[in-house]
Engineer: 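Below is a structure I'd like to ask you about.
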Amino acid sequence: MPKRVRTAVFPVAGLGTRFLPATKALPKEMLTVVDRPLIQYAVDEAREAGIEHFVFVTGRNKGVIEDHFDRQFELETTLEVRGKTAALSELRKDLPSAGRTSFTRQQEPLGLGHAVWCARDIVGDNPFALLLPDMLFKGEPGVLRQMMDAYEEAGGNIIAVEEVPEQEVSSYGVIARGEGPDTGFRLTGMVEKPKREAAPSNLIISGRYILQPQIFNLLANQTRGAGGEIQLTDAMQTLMHNQDFTGVKYKGRSFDCGAKIGFLTANVVYALDREDIREGFIKELRKLDLGEHF
Ligand code: G1P
């Protein structure tokens with residue numbers, strides 16, 4: 001049995017430059033899909049997968065993320081006085097329990113690899129999950145749960161991947177696929193933001209990882225890669241010389257909520273999926289007579 005994964009890391013220091021002006025003062029992770037902030041979806045996905053400790057790598061102007069995972073006594077008292085017990089218990093349900101969150105800061109935007117490295121002391125000598133909260137996944141079970149199943153079987157490092165059209169590969173980390181089924185196949189290589197001609201496949205790294213702690217030593221010495229940033233993909237490619245990496249082509253679909261189209265689409269899809277919203281929402285959409293756009 002591989003060592004259990006108890007800790008998840010959430011890099012939330014990004015500046016959200018693809019979403020200005022919304023993200024000038026508001027952390028992009030607090031943008032809402034229907035009525036939940038993106039970061040809450042990522043935390044929910046991690047809890048469903050059995051994660052017990054939540055590590056946030058934050059930056060300046062990200063204080064409200066910490067507040068979001070704290071009690072809000074004034075609000076709770078008001079809800080209690082007004083007898084809104086359902087809303088109150090929903091709020092409490094979303095909270096990780098006391099002592100189960102940690103916050104550390106990435107002081108400079110040096111890239112994803114550097115953000116992950118900032119969590120090294122908190123994670124210690126343990127395997128950990130890594131979730132990029134911009135990427136929202138709709139799937140049952142959640143993507144990290146699907147990856148845990150692969151981890152329990154194979155151990156080592158697990159990466160969630162998905163197919164994208166060829167012209168989009170250069171925006172992502174891209175993997176080379178070896179033997180095995182979609183639920184767990186060998187990875188034989190990976191490269192960050194390759195030119196289309198140089199991409200080993202159209203399978204991209206989706207923003208969910210299970211990693212072994214040896215990655216931290218490699219990140220400590222990692223030179224800058226694509227975009228002048230310290231890239232996690234480059235350190236993983238090196239780690240692959242000594243450790244197994246397994247790919248999981250997950251079941252479900254993703255929304256890149258760091259970009260406007262993905263975010264708007266996610267809002268529509270999640271709203272249509274909500275029993276308390278669907279009917280009213282469809283009624284309003286019909287009034288808009290959207291037919292001319294489709
Ligand atoms: C990061 C990773 C990349 C991955 C992507 C998923 O890139 O470096 O490998 O495919 O997230 O969203 P970024 O979006 O930070 O440029």
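Every number for a ligand or one of its atoms is a count from 1 in the order of the listing.
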Engineer: Rounded to the nearest 0.5 Å, what separation is found between the OG1 atom of Thr265 and the CZ atom of Arg253?
Structural biologist: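 Reported to 0.5 Å precision, the distance equals 6.5 Å.
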Engineer: Between Leu112 and ligand 1, is there a nitrogen or oxygen pair with a distance under 3.5 Å?
Structural biologist: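 Not met; the criterion fails.
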Engineer: Measuring only between side-chain heavy atoms, which start at C-beta, is Val116 closer than 4.5 Å to Phe128?
Structural biologist: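 Counting from C-beta outward, Val116 and Phe128 do come under 4.5 Å.
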Engineer: Answer yes or no for Ile204: is there a heavy-atom contact with ligand 1 below 4.0 Å?
Structural biologist: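 For ligand 1, residue contact (heavy atoms, under 4.0 Å) with Ile204 is absent.
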Engineer: With atoms numbered from 1 as shown, which atoms in ligand 1 lie under 4.0 angstrom from a non-hydrogen atom of Thr233?
Structural biologist: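 Near Thr233, the atoms of ligand 1 are 9 (O).
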Engineer: Show which atoms of ligand 1 fall inside a sub-4.0 Å distance from at least one heavy-atom site of Met135.
Structural biologist: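 In order of numbering, the contacting atoms are 12 (O).
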Engineer: Quick check on atom 15 (O) of ligand 1 - does any protein heavy atom sit closer than 4.0 Å to it?
Structural biologist: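 There is no protein heavy atom less than 4.0 Å from atom 15 (O) of ligand 1.
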Engineer: How close do Asn61 and Pro27 get, heavy atom to heavy atom, and via which atoms?
Structural biologist: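 For Asn61 and Pro27, the tightest heavy-atom pair comes out as O-CG, 3.5 Å.
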Engineer: Linking I/L/V/M/F/W/Y whenever any side-chain heavy atoms sit under 4.5 Å apart, do Met236 and Val248 land together?
Structural biologist: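 Met236 does not cluster with Val248.
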Engineer: Kindly give the heavy-atom pair with the smallest separation between Val34 and Asn267, and that separation in Å.
Structural biologist: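 Nearest pair, atom of Val34 first, then Asn267: N-OD1, 2.6 Å.
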Engineer: Need the ligand 1 atom indices (1-based, order shown) with element for anything under 4.0 Å from a heavy-atom of Lys193.
Structural biologist: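 Under 4.0 Å from Lys193, ligand 1 has these atoms: 7 (O), 13 (P), 16 (O).
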Engineer: What are the atoms of ligand 1, with element, lying closer than 4.0 Å to any heavy atom of Gln231?
Structural biologist: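 Answer, ordered by atom number: 8 (O).
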Engineer: Quick one: look up the protein heavy atom nearest atom 5 (C) of ligand 1 and list residue, atom name and how far away it is.
Structural biologist: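 Looking at atom 5 (C) of ligand 1, the protein heavy atom closest to it is Ile205 O, 4.0 Å.
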Engineer: What is the closest protein heavy atom to atom 11 (O) of ligand 1, and at what distance does it sit?
Structural biologist: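 Scanning the protein heavy atoms, the shortest distance from atom 11 (O) of ligand 1 goes to Leu132 CD1, 3.4 Å.
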Engineer: Between ligand 1 and Leu232, can you find any atom pair, the residue atom being a heavy atom, that is separated by under 4.0 Å?
Structural biologist: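 The answer is no: ligand 1 sits nowhere under 4.0 Å from a heavy atom of Leu232.
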Engineer: Flag Ser171 as yes when one of its N or O atoms lies below 3.5 Å from any N or O atom of ligand 1, and as no otherwise.
Structural biologist: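 Among all N and O atoms of Ser171, none is under 3.5 Å from an N or O of ligand 1.
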Engineer: Heavy atoms, side chains only, cut-off 4.5 Å: are Val268 and Leu264 in contact?
Structural biologist: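 Val268 vs Leu264: side chains apart.
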Engineer: Using a plain distance cutoff, I'd like to know if Glu192 has any nitrogen or oxygen under 3.5 Å from a nitrogen or oxygen of ligand 1.
Structural biologist: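 Min N/O separation from ligand 1 is below 3.5 Å for Glu192.
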Engineer: Same cluster for Phe54 and Leu211 if Ile/Leu/Val/Met/Phe/Trp/Tyr side chains link at under 4.5 Å?
Structural biologist: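 No; Leu211 is not reachable from Phe54 via cluster members.
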Engineer: Indicate the ring-plane relationship of Phe10 and Phe56, choosing parallel, tilted or perpendicular according to the 30° and 60° boundaries.
Structural biologist: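 Rings of Phe10 and Phe56: parallel, under 30°.
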Engineer: What I want to know is whether Gly207 and ligand 1 share at least one N or O pair that is separated by under 3.5 angstrom.
Structural biologist: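 In fact, backbone or side chain, Gly207 has no N or O that close.
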Engineer: Would atom 8 (O) of ligand 1 count as contacted, meaning some protein heavy atom under 4.0 Å?
Structural biologist: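 Protein heavy atoms within 4.0 Å of atom 8 (O) of ligand 1 - there is at least one.
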Engineer: Heavy-atom pairs closer than 4.0 Å: do any link ligand 1 to the side chain of Asp256, the backbone, both, or neither?
Structural biologist: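 None of Asp256 does.
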Engineer: In Å and rounded to the nearest 0.5 Å, what is the OH to CG distance from Tyr172 to Leu203?
Structural biologist: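 If we round to the nearest 0.5 Å, Tyr172:OH and Leu203:CG are 13.5 Å apart.
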Engineer: Does ligand 1 have an atom that lies less than 4.0 angstrom from a heavy atom of Met190?
Structural biologist: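 Checking ligand 1 against Met190, which is what was asked, there is no heavy-atom contact under 4.0 Å.
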Engineer: If you take the centroid of each ring, where Trp contributes its six-membered ring, are Phe137 and Phe255 closer together than 6.0 Å?
Structural biologist: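 Between Phe255 and Phe137, the centre distance exceeds or equals 6.0 Å.
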